Number of protein chains: 2
Amino acid sequence: MNQNKNQQYEDLLVKNGLKRTGARLQVLDILSHRDSATSQPYLENVIGKEIDRVTLYRILKTFEEKGIIHRVLDNHGTANYAICSNSCSEHNHHDEHVHFNCNNCLRVYCLDEVKIPALKIAKGFKVDDMNLIVSGICKECNQAN
Amino acid sequence: MNQNKNQQYEDLLVKNGLKRTGARLQVLDILSHRDSATSQPYLENVIGKEIDRVTLYRILKTFEEKGIIHRVLDNHGTANYAICSNSCSEHNHHDEHVHFNCNNCLRVYCLDEVKIPALKIAKGFKVDDMNLIVSGICKECNQAN
DNA sequence: TATGTTAATGCATCATTATTGCAAATGAAA
DNA sequence: TTTCATTTGCAATAATGATGCATTAACATA
């Protein structure tokens, strides 16, 4: 089971022409077990000093470029990362779903089931990507009160 | 005319319980003459050393809190500021319109005429605000080619 | 108009994040 | 196991966000 998962991550790396390093596998493992998008500072806390800050930064950058993860900016402008759905690839890398940023716990949820509706943008403007962030109080924080 | 405008900004400050200082008036003047949301670095360039970086930072922060300007994060997580429509106030401060971030010239446009459609968010989540950023190539950059 | 009070500013300073260069280490393939 | 390109760690820098404090400026009122 764990073996399977690991194999899966390794394949993912190889498929994207990346070497299977401990650091990369660890990042994939952590991200895949999170139910919300994850910031680099969070990853640094979990990982500790095993992986250098710059290395982590580059891993995330590489993963994003390859379409392995996507990046969401929360309300504070901090980058958060989540593993992409299978449909993403290096050159077709859209996460058309909505994100929810909790103002209390600061978590960023991927609301996969909520798509961004089509919009009428003034002509002359060429749309490449859309990013919708909803902020408020998340389910867990609501229930906690 | 210019006199009028200035009077208008001064009223705006007084209305919000803020003192009419040169720095604040200058910021309001610059922002109101821009056709897109403006970053602090841009303001620093235009203003020069007349206003301290921290002062500018605090002016923008105050203005945002009072609902005089709103803040949009572009694709790089940099804050950009634009003067609010009249309907904004300290406690009713929503800019429900869409923003367009040009990947070429990096400008952030307020698409005032495009509203964010209503969404069905999973229940349990309490929505406070929504922020939709469309990115691509803007009209001017398209025409320039 | 002078003056006292509060708000605003400038300067010093620090934290965090993003980013690059380069040498050393490591993975993968021959 | 040797080779070569990739990856990593370390050093270092830039940009941005943020706070404390002494000084200055705005404004109400005496």
Side-chain angles (χ1 to χ4, degrees), chain A residues 6-7 9-28 37-66 68-81 90 101 106 108, chain B residues 6-7 9-29 37-66 68-81 90 106 108:
Chain A
N6 219 46
Q7 187 59 50
Y9 302 149
E10 295 193 12
D11 291 349
L12 189 59
L13 291 177
V14 172
K15 194 178 72 181
N16 285 284
L18 300 174
K19 292 186 176 169
R20 294 169 289 186
T21 68
R24 286 177 174 161
L25 289 171
Q26 195 179 348
V27 170
L28 284 178
T38 305
S39 67
Q40 174 160 347
Y42 177 95
L43 288 169
E44 282 172 22
N45 276 333
V46 175
I47 295 171
K49 292 179 195 166
E50 290 171 56
I51 305 179
D52 187 77
R53 221 165 53 83
V54 175
T55 302
L56 183 53
Y57 165 74
R58 281 192 271 228
I59 287 177
L60 294 170
K61 200 179 168 196
T62 305
F63 282 3
E64 202 210 344
E65 283 163 5
K66 296 294 184 181
I68 296 175
I69 60 180
H70 66 259
R71 193 176 58 133
V72 201
L73 296 174
D74 64 20
N75 281 334
H76 299 285
T78 331
N80 287 263
Y81 302 90
E90 185 162 4
N101 188 192
L106 305 182
V108 177
Chain B
N6 218 46
Q7 187 59 50
Y9 303 149
E10 295 193 13
D11 290 348
L12 189 60
L13 291 177
V14 172
K15 195 177 75 182
N16 284 283
L18 300 174
K19 291 183 178 170
R20 295 169 290 182
T21 67
R24 286 177 174 161
L25 289 172
Q26 196 178 347
V27 170
L28 284 178
D29 188 53
T38 305
S39 67
Q40 175 160 348
Y42 176 94
L43 287 170
E44 283 172 21
N45 276 333
V46 175
I47 295 172
K49 291 178 193 166
E50 290 171 56
I51 305 179
D52 188 78
R53 214 169 56 85
V54 177
T55 302
L56 184 53
Y57 165 75
R58 282 192 270 227
I59 287 177
L60 294 170
K61 199 178 170 199
T62 305
F63 281 2
E64 201 211 345
E65 283 164 3
K66 296 294 184 178
I68 296 175
I69 60 180
H70 66 260
R71 193 176 56 134
V72 202
L73 296 174
D74 64 21
N75 282 334
H76 298 285
T78 330
N80 287 263
Y81 302 90
E90 185 164 5
L106 305 182
V108 177

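All values reported here derive from a predicted model rather than from experimental measurement.
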In B/S/- notation, 5' to 3', how is nucleotides 25-30 of chain C contacted by protein heavy atoms closer than 4.0 Å?
--BS--
Between [N] atom [atom2] and [X] atom [atom1], what is the distance in whole Å?
{"X": "B:E10", "N": "D:dA26", "atom1": "CD", "atom2": "C1'", "result": "12 Å"}
{"X": "B:N16", "N": "D:dA26", "atom1": "CG", "atom2": "C1'", "result": "17 Å"}
{"X": "A:I59", "N": "C:dA18", "atom1": "CD1", "atom2": "P", "result": "15 Å"}
{"X": "A:L60", "N": "C:dT17", "atom1": "CG", "atom2": "P", "result": "13 Å"}
{"X": "B:K61", "N": "C:dA7", "atom1": "NZ", "atom2": "P", "result": "16 Å"}
{"X": "A:I47", "N": "D:dT8", "atom1": "CD1", "atom2": "C1'", "result": "14 Å"}
{"X": "A:D74", "N": "C:dT16", "atom1": "CG", "atom2": "P", "result": "16 Å"}
{"X": "B:F63", "N": "C:dA8", "atom1": "CZ", "atom2": "P", "result": "10 Å"}

Which pair of non-hydrogen atoms, one from [X] and one from [Y], has the smallest distance, and what is that distance?
{"X": "B:H70", "Y": "B:E64", "result": "CA-CG, 4.5 Å"}
{"X": "A:D74", "Y": "A:V108", "result": "CB-CG2, 3.8 Å"}
{"X": "A:H76", "Y": "B:L73", "result": "C-CD1, 4.1 Å"}

Counting only side-chain nitrogens and oxygens, does A:K49 get under 4.0 Å of the OP1 or OP2 atom of D:dC10?
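No, outside the criterion.
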Distance check, rounded to the nearest 0.5 Å: A:E65 atom CD versus A:L18 atom CG?
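With rounding to 0.5 Å, CD (A:E65) is 10.0 Å from CG (A:L18).
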Taking only residues two or more places apart in sequence, or in another chain, which ones meet A:Y57 in a side chain to side chain donor-acceptor pair (under 3.5 Å)?
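By the side chain to side chain donor-acceptor pair (under 3.5 Å) rule, A:Y57 matches no residue at all.
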What residues form a side chain to side chain donor-acceptor pair (under 3.5 Å) with B:R20, not counting sequence neighbours?
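Testing B:R20 for side chain to side chain donor-acceptor pair (under 3.5 Å), a comparison that skips the adjacent residues, returns B:E10.
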Between protein and nucleotides 11-17 of chain D, what N or O pairs are separated by less than 3.5 Å?
unit_1 : atom_1 : unit_2 : atom_2 : d
D:dG17 : O6     : B:R53  : NH2    : 3.3

Residue of the set B:L60, B:T38, B:T55 for which side-chain contact (heavy atoms from CB on, under 4.5 Å) holds with B:V27:
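The option that passes is B:L60.
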Taking the side chain as everything from C-beta on, heavy atoms only, tell me whether B:I68 gets closer than 4.5 Å to B:L28.
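With C-beta onward as the side chain, the pair touches.
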Output every pair passing side chain to side chain donor-acceptor pair (under 3.5 Å) with a member in residues 42-53 of chain B, not counting sequence neighbours, ordered by first then second residue.
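Non-adjacent pairs meeting side chain to side chain donor-acceptor pair (under 3.5 Å): B:R34-B:Y42, B:Q40-B:E44.
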